[in-house]
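Worksheet for the structure shown next.
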Amino acid sequence: MNAHSTPLLRVENLSINLPPGFDREFAVENISYDLSAGEILCVVGESGSGKSMTANAIMGLLPDYLKPSGGRILFRGKDLLAMREPELEQERGRSMAMVFQEPLSALNPLMKVRDQIAEVMEVHGEKNAETRDRRVLDLLEYVGLPDPTHLRDAYPFRLSGGQRQRVMIAMALALEPALLIADEPTTALDVTTQAQILDLIRRIQRAKGMGVMFVTHDFGVVADIADRVIVMERGIVVEQGPAADVLNRPKHPYTRRLIAAVPHREDHGAKAAAEGEMLLEVKNLRKTYRSGGGFFSRPRVVNAVNNVSFTLRRGETLGVVGESGSGKSTLGRCLLKLADVDGGQVLFRGNDVVPLSARAFRPLRRHMQMVFQDPFASLNPRQTVGRILTDGPVANGVPYAQAESKARELLDLVGLEISAYDRYPQEFSGGQRQRVGIARALALDPELLVADESVSALDVSVQAQVLELLQNLQKKLNIAIIFITHDLRIAAQICDRIAVMYRGEIVETGPPEQVFDAPQHPYTQGLIAAIPGLEWNPRLAVV
Amino acid sequence: MTFFKRYARNYGALIGLAILLVVVVLAFAAPLIFPVSPWQSVGDPLLAPSEDPAFPFGTDMLGRDIAAGLAYGARVSLLIGVISTSVAVVIGVSIGALAGFYGGKVDDLLMRFTEFFQTIPAFAMAVVLVAIFSPTIVSITLAIAVVSWPPVARLVRGEFLSLRSREFVQAAIVIGQSGPRIMFTQILPNAISPIIVTASLMVATAILTESSLSFLGLGDRNMMSWGFMIGAARTMLREAWWMSVFPGVAILLTVLAINLIGEGLNDAMNPHLRGRKG
């Protein structure tokens with residue numbers, strides 16, 4: 001793009017100190033970069049890399065205990081760090097605006113959409129209510145919201161995640177800023193919605209000639225949207241350059257490592273179809289949720305799982321893919337009887353487990369284990385890792401001493417120190433905790449493992465390690481895995497077969513090659529087309 | 001940071017702890033300091049404080065030592081406060097845990113039962129119970145326990161409801177732990193801090209309730225208590241202010257101390273909340 005024009009934003013040797021007691025001295029250290037009008041600059045990094053911190057520093061949104069200790073942030077030649085608060089307020093919103101990650105918490109739940117957008121204009125001196133109103137309508141239409149005349153009177157909770165993010169973008173655009181900062185704006189959204197929002201940001205940026213700073217952790221998104229890229233690691237900019245160079249010819253080892261960890265279907269070795277014996281047969285499984293309903297109103301009925309059937313053999317991995325609300329997690333919970341089933345059969349080793357009472361099913365539980373999504377919520381904070389790992393075997397009648405020695409073996413197997421046994425979950429990182437979660441599931445020698453979004457909360461490099469661990473364990477122990485995920489790239493990488501769920505039904509099943517290259521159902525086609533960075537092959541970049 | 005260090009950051013809580021320690025020592029040492037029963041006349045009636053150095057807090061209309069009454073009253077107050085709270089916590093935690101964990105019909109039934117108790121004014125019910133079972137220290141303690149468990153049950157139910165849907169509890173179900181085991185080893189330890197904080201404040205309420213009962217003449221006739229002393233003094237309010245003021249101050253300080261401790265425990269057990277206050 002116009003790399004020769006004067007930069008809209010120039011960050012020079014910016015350093016922000018962390019208070020003592022943190023693992024490093026600087027949140028960001030000595031970073032410098034330029035952002036020109038009319039370009040999209042992606043800031044990529046893993047959690048804790050300081051990528052959001054630079055965005056917040058530009059907007060003056062740093063918490064009190066963090067102060068920039070050196071450097072300058074020049075916005076159109078003026079140093080933002082030297083400005084007083086009133087001057088800064090003039091710039092914020094008017095010439096630079098921000099879109100946040102979680103649109104629900106960034107919008108005031110008690111204010112109608114039109115009032116929230118109009119407020120931005122009012123604060124910045126637009127006194128005429130009629131002008132404001134007209135502008136709100138224009139903006140809502142501009143960001144592609146359906147039926148803006150009605151939608152402007154809605155409260156945020158009535159909108160879907162994607163619609164809320166569009167409202168946020170409309171607010172940010174209200175005063176036609178020259179600089180838009182987007183901090184992980186699509187992370188909380190489904191892939192198809194994400195693709196639309198990315199499109200929107202790109203379109204607006206082209207039309208208005210804005211400079212966009214886009215903070216993300218997802219290299220696929222970077223490949224889709226970035227003109228230039230900055231890669232951050234532990235507060236330091238390790239690499240920056242045009243998107244094509246960084247993505248396809250990464251120089252810094254950290255960038256190479258990150259890109260190598262991006263899930264991609266190329267990794268899927270041509271594995272022979274699993275020939276193990278049949279382990280699980282699900283026939284016409286149904287689960288409906290009823291909510292509300294009283295004397296005068298009919299209850300709202302949602303078919304969370306509708307007539308789902310599939311089979312699974314020993315040693316096989318079935319990917320269940322779908323967007324939020326597709327019923328994929330409910331399916332996993334139904335299989336393990338964490339949720340009641342409304343109809344159908346779940347044949348485990350030929351026996352239907354659906355009619356069993358909780359007490360009768362308990363002895364069978366050890367054969368079917370689960371790895372949960374949230375590595376922080378899934379471990380009891382008041383128990384040591386050892387206790388967490390031995391609880392299961394002890395509950396199933398294994399003597400404690402035997403359970404203990406097994407737990408220590410498992411820690412080794414999942415790649416943790418044996419000394420982890422006596423420590424509490426809080427002392428571990430997200431990836432390590434997820435390893436504990438996997439070890440807990442394996443402590444019972446299960447034959448079936450349900451992994452519900454088990455790597456979604458992890459950074460991409462940790463994600464790759466955990467996926468590799470799961471694959472190795474499967475090979476070693478011949479476990480059948482049901483891998484529930486929203487990320488098609490991961491499913492394509494590790495699954496033997498993929499089942500695509502949409503509104504409670506499996507609309508398509510098949511090996512990854514078939515689902516990817518010749519998707520039959522229109523929903524699958526849309527899903528595949530929305531995968532970020534579809535055209536970019538990270539494997540070619542790091543050969 | 002250790003638990004006590006976090007606790008000690010709250011100066012009010014330290015002061016509360018100091019006051020309570022004095023009361024506890026006084027209660028335990030009462031028979032040593034005042035070998036004579038507090039019901040015994042030991043001096044001239046209606047001696048004002050410091051009129052006679054032997055009776056620094058004065059005497060009542062029958063010549064009983066106010067200081068001895070305060071010391072022995074501390075025993076009754078603390079005893080009733082601690083025991084009735086323990087009983088109430090046991091009842092409340094059991095009912096709340098069952099309701100929150102099993103939900104559905106069990107929850108409906110237990111919560112209606114709880115509401116039944118909540119709709120009756122607590123103090124009126126305590127008066128009725130003590131009157132029916134004749135006022136002894138046992139009946140008073142139980143009556144206070146019976147009227148004060150519903151808030152605990154509601155609190156515990158709420159905690160259990162939210163904790164039981166957490167992933168680590170789901171994980172405990174998946175590994176095959178039984179219901180009671182999950183309640184005791186997985187959920188209860190995570191719900192313990194709000195229970196302790198509430199219990200500490202309930203001790204204060206129990207002391208006040210006991211005083212009120214004694215004031216109305218529904219105290220144990222064999223035990224001197226602060227509430228009884230105030231009740232006995234009400235006819236002499238103008239002539240002998242010290243008869244009611246000192247027991248009143250004793251109640252005030254003890255209840256205040258316990259409240260301060262409760263707040264300190266709350267801060268120490270939920271450090272992130274304290275940080276938010278600044």
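Residue numbers start from 1 in every chain, and the chains themselves are labelled A, B, ... in the order their sequence lines are given, proteins ahead of strands.
Put simply, the side chain of A/D391 never gets that close to the backbone of B/T185: no donor and acceptor are under 3.5 Å apart.
Most heavy-atom pairs under 4.5 Å with chain B: of the set A/A441, A/A443, A/S378, this distinction falls to A/S378. Interface summary for chain B: among A/R366, A/R359, A/Q373, the most heavy-atom pairs under 4.5 angstrom belong to A/Q373. Taking A/V371, A/L336, A/L379 one by one and counting their heavy-atom pairs under 4.5 Å with chain B, the maximum is reached by A/L379. Chain B forms more heavy-atom pairs under 4.5 Å with one residue of A/P393, A/A395, A/P446 than with any other, namely A/A395. In terms of heavy-atom pairs under 4.5 angstrom with chain B, the leader among A/P363, A/G392, A/A377 is A/A377. When each of A/L444, A/N396, A/D374 is checked for heavy-atom pairs under 4.5 Å with chain B, A/D374 comes out on top.
Heavy-atom contacts from other residues, nucleotides or ligands closer than 6.0 Å to CZ of B/R112 number more than 12. Shown here is A/Y400, whose OH atom has more than 12 heavy atoms of other residues, nucleotides or ligands within 6.0 Å.
When side chains are defined from C-beta on, B/F168 does not count as touching A/P425, because their heavy atoms never get closer than 4.5 Å.
The two residues A/R362 and B/S178 make their nearest non-hydrogen contact at NH1-CB, 3.5 Å. Closest of all the heavy-atom pairs between A/P381 and B/N190 is CG-OD1, 3.4 Å. Nearest heavy atoms, B/V174 versus A/Q369: O-NE2, 3.0 Å.
Neither side chain, A/R382 nor B/Q186, offers a donor N or O lying under 3.5 Å from an acceptor on the other.
Atom CD of residue B/E167 and atom CG of residue A/N380 lie 13.0 Å apart, to the nearest 0.5 angstrom.
Applying a 4.5 Å heavy-atom cutoff, the residues of residues 192-207 of chain B that approach chain A are B/I192, B/S193.
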Go through the steps to decide whether B/I175 and A/R365 satisfy the test side-chain contact (heavy atoms from CB on, under 4.5 Å), and finish with yes or no. CA-CA 6 Å; B/I175 59 173; A/R365 283 207 179 272; over 6 Å; no
Worked verdict on B/Q177 versus A/V394 for side-chain contact (heavy atoms from CB on, under 4.5 Å): CA-CA 9 Å; B/Q177 285 193 327; A/V394 169; over 6 Å; no
